[in-house]
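The next block holds one structure in the form of structure tokens; read it before the comments.
Chain A is the first sequence line, chain B the second, and so forth, proteins listed ahead of strands; every chain is numbered from 1.
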2 protein chains.
Amino acid sequence: MTEMLNISSRRFDAAFRESFRDLVLWRRDVRRFRRDPVDSSLIHSLIELASHAPSVGHCQPWRFVLVESAARRAAVKESFGRSNAKAAETYRDQERERYVKLKLEGLEEAPVHLAVFADETTRAGSGLGRQTMPETLRYSVVAAVQTFWLAARAEGLGVGWISILEPNIVCRMLDVPEAWTLVAYLCVGQPAEEHLDPELERHGWQERLDTERMIFRR
Amino acid sequence: MTEMLNISSRRFDAAFRESFRDLVLWRRDVRRFRRDPVDSSLIHSLIELASHAPSVGHCQPWRFVLVESAARRAAVKESFGRSNAKAAETYRDQERERYVKLKLEGLEEAPVHLAVFADETTRAGSGLGRQTMPETLRYSVVAAVQTFWLAARAEGLGVGWISILEPNIVCRMLDVPEAWTLVAYLCVGQPAEEHLDPELERHGWQERLDTERMIFRR
């Protein structure tokens, strides 16, 4: 089979790998956006690339909803407000003080709101690969989100993932089929600031852990 | 805030974006590996880069288990065998014939087996961001897997994600803490073949869907 190796293969060089490393390191969860609009064709091309993420059984279960209505965006922000107030109550004293000072979303300023769903009832892929681990359907959507995120960053766009939301309420409000699961609610736009370190590290919430301590042998 | 824009920012050019697009397009779920060993330091550096994936609350819940024991690898392969036989029974006639001909794993040949888990009880991040959507803990691990996959492909390595497994049995067999959830079981090594089209497309199981049909407006 070795003869087949170089027939149709794409190689990547050290310079590309170094830039790719930078891309991963400079990706950030952005919460401070400029209001400048983003070209709709650029968003479509990022989604198209994201659709080449791996999916279980090649079922391509991702569904992308561009949230454009001001009323719907306001309702998402309200859902964040309620969820965040409840979350703040679970912390005490200094930790609560630190929590409420964190900026955790840029829903107001971000020109693009993109809700990403998993279609749990898709017939594509005929169920292949997800009988013992059905959650891989939703995992496929996450792989598309991370691909979108990196591709957006390569275009100079920032992405923020907001998980402090009531998923049932957001699904109802966005009027999507019942079989769709909300996987990610993304804000996209030009970042107002750029940083190499994550916001939660910079503000003393959580430091980076030592990777070697995350590797085990069996 | 605009003044802060260019102080510490990394820009990416069109040539990089084109190569990144190729990387996403040429990533494959590989099931045919050469047996050549892969340098352990390379695997560690890929894991290190993957650890810069986004994680909810910066909780970095990924735990990487290198499965080296021949007995454990054999047990994983047995789990695949059982799960795959059951899966085949759910298809009929020609679909079953096509299913059983598909090559869905390269467990025997792949020099590296990497099981990736989510530590559901990590204290890192202090629960931030996952009170209403706790599944984002596991989603963070998937983002790390996709980052690992792309980084591996840039090094010429192939990755295959095997989901046709009994997760409870694999967890027990790998002797990991009870609070860890199996997210992905990966085979890693030099690919014996390289293709631009997914295996399941090439063998007529599932074609690529039209991305524009996956985009909705609200």
Side-chain angles (χ1 to χ4, degrees), chain A residues 1 4 8-10 12 16-17 19-22 24-26 29 47-49 51-52 54 56 58 60 62-69 72 83 87 124-125 129-133 136 139 142-143 146-147 154 163-167 174 192-194 198 200-201 206 209 211 214-218, chain B residues 1 4 8-10 12 16-17 19-22 24-26 29 47-49 51-52 54 56 58 60 62-69 72 83 87 124-125 129-133 136 139 142-143 146-147 154 163-167 174 192-194 198 200-201 206 209 211 214-218:
Chain A
M1 283 209 268
M4 304 178 68
S8 59
S9 145
R10 173 67 163 89
F12 299 91
F16 171 78
R17 285 195 293 273
S19 292
F20 176 71
R21 179 175 173 79
D22 279 354
V24 172
L25 297 185
W26 278 96
D29 192 296
I47 291 175
E48 192 273 331
L49 188 55
S51 301
H52 288 264
V56 62
H58 200 33
Q60 306 158 74
W62 33 71
R63 304 293 179 262
F64 298 91
V65 176
L66 289 159
V67 183
E68 295 167 336
S69 133
R72 285 184 161 129
S83 310
R130 53 191 163 95
Q131 301 200 15
T132 56
M133 299 184 75
T136 48
Y139 292 174
V142 178
Q146 171 68 348
T147 307
S163 60
I164 306 174
L165 288 174
E166 301 140 322
L174 295 182
E193 305 172 8
E194 297 204 29
L200 296 179
E201 225 172 290
Q206 174 62 51
L209 306 172
T211 308
M214 305 300 163
I215 304 178
F216 303 83
R217 298 199 141 64
R218 288 290 188 275
Chain B
M1 281 208 269
M4 303 178 70
S8 59
S9 148
R10 173 68 161 89
F12 299 91
F16 171 77
R17 285 195 293 271
S19 291
F20 176 70
R21 179 175 173 80
D22 279 355
V24 172
L25 297 185
W26 278 95
D29 192 296
I47 291 174
E48 193 272 331
L49 187 56
S51 301
H52 287 264
V56 61
H58 200 31
Q60 306 155 74
W62 33 72
R63 305 293 180 260
F64 298 91
V65 176
L66 288 158
V67 182
E68 295 167 336
S69 135
R72 285 185 161 128
S83 311
R130 52 189 163 95
Q131 300 200 14
T132 55
M133 298 185 74
T136 48
Y139 292 174
V142 177
Q146 172 67 348
T147 308
S163 60
I164 305 175
L165 289 174
E166 301 141 321
L174 295 182
E193 305 172 9
E194 299 203 26
L200 295 180
E201 226 172 287
Q206 173 62 52
L209 305 174
T211 308
M214 305 300 163
I215 305 178
F216 304 83
R217 299 200 141 63
R218 288 292 189 271

Review point. Once the angle between the rings of Phe12(A) and Phe16(A) is folded into 0 to 90°, is it parallel (under 30°), tilted (30 to 60°) or perpendicular (over 60°)?
Key: tilted
Check your understanding: Under 30°, 30 to 60°, or over 60°: which ring-plane class applies to Tyr139(B) and Tyr139(A), parallel, tilted or perpendicular?
Key ->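 Rings of Tyr139(B) and Tyr139(A): perpendicular, over 60°.
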May I ask you to name which of [options] has the most heavy-atom pairs under 4.5 Å with chain A?
{"options": "Pro167(B), Ser19(B), Pro54(B)", "value": "Pro54(B)"}
{"options": "Leu66(B), Val67(B), Thr147(B), Val65(B)", "value": "Leu66(B)"}
{"options": "Ala154(B), Pro198(B), Ala87(B)", "value": "Ala154(B)"}

Check your understanding: Do Arg21(A) and Leu49(B) have side-chain heavy atoms sitting under 4.5 Å apart?
Key ->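 Answer yes - side chains close enough.
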**Study point:** Max heavy-atom pair count under 4.5 Å with chain B, selected residue of Ile215(A), Ile164(A), Leu200(A)
**Key:**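 The residue among Ile215(A), Ile164(A), Leu200(A) with the greatest pair count is Ile215(A).
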Check your understanding: If you tally heavy-atom pairs under 4.5 Å against chain B, which of Gln131(A), Arg63(A), Gln60(A) wins?
Key -> Gln60(A)
Checking [X] against chain B: side chain, backbone, both or neither under 4.5 Å from a heavy atom?
{"X": "Val56(A)", "result": "side chain"}
{"X": "Thr136(A)", "result": "side chain"}
{"X": "Asp22(A)", "result": "both"}
{"X": "Glu68(A)", "result": "both"}
{"X": "Gln146(A)", "result": "side chain"}
{"X": "Arg72(A)", "result": "side chain"}
{"X": "Arg10(A)", "result": "both"}

Where [X] and [Y] come nearest, the two heavy atoms and their spacing:
{"X": "Arg130(A)", "Y": "Ala124(A)", "answer": "NH2-O, 3.8 Å"}
{"X": "Thr132(B)", "Y": "Ser163(A)", "answer": "OG1-O, 3.1 Å"}
{"X": "Ala143(A)", "Y": "Val142(B)", "answer": "N-CG1, 4.0 Å"}
{"X": "Met133(A)", "Y": "Leu165(B)", "answer": "CG-O, 4.0 Å"}

Study note, to complete from the structure: When rounded to the nearest 0.5 Å, the distance separating CD of Glu48(A) from OG1 of Thr211(B) is 5.0 Å
